[in-house]
Amino acid sequence: MADIGARIERARAAAGLSQRALADATGISQSTLSRIISGDRVAKMPELVAIAWETGHTVAQLTGIGSVAERVQCAARATNDMRQTLLSFLELDAYLDDQAIPATV
C-alpha cells in the first residue's frame, strides 16, 4: 500500500499539482487522498483511474504492475504459440484494467 502511495505522490508532484488540487480534480476528498498517499487506506480502482488520468500516468504505473511484456515472462516454458496467446490475453487484461472495467467471477 505504501508503495502505491509513494508512486501517487511522485505522480502528483510530477504533474505539478498540490494534494488539494488533485483531490478537487479527482473528486476524492483531500483527507482520503492523504490517507491513500500515506498508505493508511487502499485506493479503489475508480480512484486510481481518476488519479492516473489527472496526473497523466497509467494505473499500471501507479500500482507498480510491470508492463504486459514483463508479466508474460511467467510463460517462459510455454510454446511460442501459447506465449503469444498469453501475451494477447494479458494485453487485453491490462487494457480493461486501465479502463476500470472490473473483472467478473
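Between the side chain of Gln61 and the backbone N or O of Thr58 there is at least one donor-acceptor pair closer than 3.5 Å. A donor-acceptor contact shorter than 3.5 Å links the side chain of Thr26 to the backbone of Leu22. Checking side-chain atoms of Thr63 against main-chain N and O of Val59 turns up a donor-acceptor pair under 3.5 Å.
A pairwise comparison of heavy atoms in Ile28 and Leu33 identifies CG2-N, 3.8 Å as the closest pair. Minimum interatomic distance between Glu54 and Ala15 (heavy atoms only, all atoms of both residues): O-CB, 4.5 Å. Closest approach of Ala23 to Ser29, counting heavy atoms only: CB-C, 4.0 Å.
Classification of Glu9 and Arg12 as a salt-bridged pair holds, one side-chain N sitting under 4.0 Å from a carboxylate O.
The CD1 atom of Ile37 sits 8.0 Å away from atom CD of Gln30, with the distance rounded to the nearest 0.5 Å. Rounding to the nearest 0.5 Å places CZ of Arg41 at 12.0 Å from CD1 of Ile4. Taking CD1 from Ile36 and CD1 from Ile51, the interatomic distance works out to 5.0 Å, rounded to the nearest 0.5 Å. To the nearest 0.5 angstrom, His57 atom NE2 is 13.0 Å from Leu48 atom CG.
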